[in-house]
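Structure record follows, encoded as C-alpha cells.
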Amino acid sequence: MRKLFIAGNWKMNMGPKETSNFFKEITQLNVNSAGKVDAAVCPPHISLLAASGNKPKNLNVSIGSQNVYYEENGAFTGEVSISMLKEVGCEYAIVGHSERRQLFGESDAFINRKVIKCLAEKLTPILCVGELLDERKSGTHFDVVKLQISDDLKGLTAAQVSNLVIAYEPVWAIGTGETASPEQAQEMHAFIRKELVGLFNNDVAKKIRILYGGSMKPSNAQELLKNEDVDGGLIGGASLKPDSFAELVNIAEGVVK
C-alpha cells in the first residue's frame, strides 16, 4: 500500500519570520509523531533556510521547493539549482505547477528537463498535471492530462520514475472555492495510473503516488483520501496555518484503505 503524502504549497506567502513561527507552532501540535504519513511544506525560496533551520529534527515534516532549474549554475538570473536546494535541506521540488504553466509560460518540454534533472540528482519531483475549465467543459480533460504526462516524462525509464510523485490539479478548482467531487478525483487519478502502466509498467504505476491538488482542506480531505487512487494532497491555502495543516495530516493518518 502506498504511504499517504500531504504536501503544502505555500506559493508566494510566508516570509522567513512567518515560516519560523509556523514551525514553532506546529511543533506544539505533535503532528505526525509516528511518521505514518509523509508530510512536507514548500515555502518560497527566501524562506527555505528559515524552514530548515527552525524545523526540529524529530518533526516528521520534510522541506520542498516550489520550483527548480535544470542547470547546475550559470547566468540564469532568478533561478535556483538542485544543489542549492539540497544545501538548505530540500527533499522535494514542485515541477510544472499550473501557475508556472499558465502565468510563466513553462512548456512540457521545459518541465521534462526539470523532471529528468531532479530524478538524476535524487531530488524528488512533485510533477503537476491538470486541465483548465474550458478543457473540462469540452470533454478534452483526459486528452490534456495524457499529453502532459507523456511529454513531461519523455525519455525516462521505469527505474528512473519509481520515486516520482504526481499531483493532479483540476485548475478550475484551485482558489475558486470549487472542488472536484471525490468521484471526479478518483476517475482522473485512476486514468493517470492507467497511463503510467502504458508508459512504464504495472509495478511502477502501482508505486507512484498521485496527490489531489484541487483545494483539499480538512472539511473534504477524508472523502477524497479514501479513494483507492488518491494518495494524498498538494495543499494550498489550508497548509499556511499550522493547525489546519496538522489536521490534514491527522486525517490522512486515520484513513484506512
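Every value quoted in this text rests on a predicted model; they were computed, and no experiment measured them.
A donor-acceptor contact shorter than 3.5 Å links the side chain of Asn227 to the backbone of Leu224. Within the 3.5 Å criterion, the main-chain N or O of Lys11 finds a donor-acceptor partner in the side chain of Gln66. With Glu135 contributing its side chain and Leu132 its backbone, the two residues share a donor-acceptor pair below 3.5 Å. Using a distance-only test at 3.5 Å, with no hydrogens or angles considered, no donor-acceptor pair links the side chain of Ser150 to the main chain of Lys146. With hydrogens and angles ignored, the 3.5 Å screen pairs no side-chain donor or acceptor of Glu79 with any backbone N or O of Phe76. Using a distance-only test at 3.5 Å, with no hydrogens or angles considered, no donor-acceptor pair links the side chain of Asn201 to the main chain of Val197. A donor-acceptor contact shorter than 3.5 Å links the side chain of Ser47 to the backbone of Met14. Put simply, the side chain of Arg136 never gets that close to the backbone of Val171: no donor and acceptor are under 3.5 Å apart. No side-chain donor-acceptor contact under 3.5 Å links Asp152 to the backbone of Ile149. Looking only at distances, a side-chain donor or acceptor of Ser215 sits under 3.5 Å from a matching main-chain atom of Ala173.
Using a 30° and 60° split on the angle between ring planes, His189 and Tyr212 fall in the tilted class, from 30° to 60°. Using bins of under 30°, 30° to 60° and over 60° for the plane-to-plane angle, the ring pair Phe110/Tyr70 lands in the perpendicular bin.
For the pair Lys36 and Glu253, the salt-bridge criterion is not met [side-chain N within less than 4.0 Å of a carboxylate O]. A salt bridge links Asp108 to Arg101: at least one charged side-chain nitrogen sits closer than 4.0 Å to a carboxylate oxygen.
You'll find the side chain of Lys207 stays beyond 4.5 Å of the side chain of Arg2, heavy atoms only. The closest side-chain heavy-atom distance from Phe22 to Leu240 is not below 4.5 Å. Between Leu29 and Phe245 there is no side-chain heavy-atom pair separated by less than 4.5 Å. In this structure, the side chains of Leu119 and Pro125 come closer than 4.5 Å at one or more pairs of heavy atoms.
The closest side-chain donor-acceptor pair between Gln160 and Thr157 falls under 3.5 angstrom. Side-chain atoms of Lys114 and Asn67 include a donor-acceptor pair closer than 3.5 Å. A donor and an acceptor atom, one from each side chain of Tyr168 and Glu131, are located under 3.5 Å apart. In summary, the side chains of His97 and Glu169 do present a donor paired with an acceptor at a separation below 3.5 Å, with no hydrogens or angles considered. There is no side-chain donor-acceptor pair under 3.5 Å between Glu91 and Thr124.
Residue-environment remark: NZ (Lys206) stays at or below the threshold of 12 foreign heavy atoms within 6.0 Å. Annotation: Glu72, atom CD; neighbour count of heavy atoms from other residues, nucleotides and ligands within 6.0 Å is above 12. Taking a 6.0 Å sphere around CD1 of Ile46, one finds it holds 12 or fewer heavy atoms contributed by other residues, nucleotides or ligands. Around CD of Glu71, the count of heavy atoms belonging to other residues, nucleotides or ligands within 6.0 Å exceeds 12. Within a 6.0 Å sphere centred on CG of Leu49, other residues, nucleotides and ligands contribute 12 heavy atoms or fewer. Heavy-atom contacts from other residues, nucleotides or ligands closer than 6.0 Å to NZ of Lys3 number more than 12. Counted within 6.0 Å of NZ on Lys86, heavy atoms from surrounding residues, nucleotides or ligands total more than 12; the atom is thus considered enclosed.
Every side-chain hydrogen bond (donor to acceptor under 3.5 Å, both in side chains) that Asp229 has, sequence neighbours left out, goes to Gln186, Arg193. For Ser52, there are no side-chain hydrogen bond (donor to acceptor under 3.5 Å, both in side chains) partners at least two apart in sequence or on another chain.
A pairwise comparison of heavy atoms in Val249 and Val37 identifies O-CG2, 4.1 Å as the closest pair. Closest approach of Gly96 and Ile111 over heavy atoms only: CA-CD1, 3.6 Å. Minimum heavy-atom separation, Asn13 to Pro44: O-CG, 2.9 Å. Contact detail for Leu48 and Gly64: the closest heavy-atom pair is CD2-O, 3.4 Å.
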Test side-chain hydrogen bond (donor to acceptor under 3.5 Å, both in side chains) applied to Asn54 and Ser20, step by step: CA-CA 6 Å; Asn54 287 277; Ser20 299; 3.0 Å; yes
Stepwise side-chain contact (heavy atoms from CB on, under 4.5 Å) check, Val144 with Gln148: CA-CA 6 Å; Val144 169; Gln148 287 174 337; 4.0 Å; yes
Stepwise side-chain contact (heavy atoms from CB on, under 4.5 Å) check, Leu85 with Val68: CA-CA 8 Å; Leu85 294 177; Val68 65; 3.6 Å; yes
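Screening Lys217, Glu223, Met216 for a side-chain contact (heavy atoms from CB on, under 4.5 Å) involving Ser219 leaves a single residue, Lys217.
Between Phe5 and Tyr92, the ring center distance clears the sub-6.0 Å criterion.
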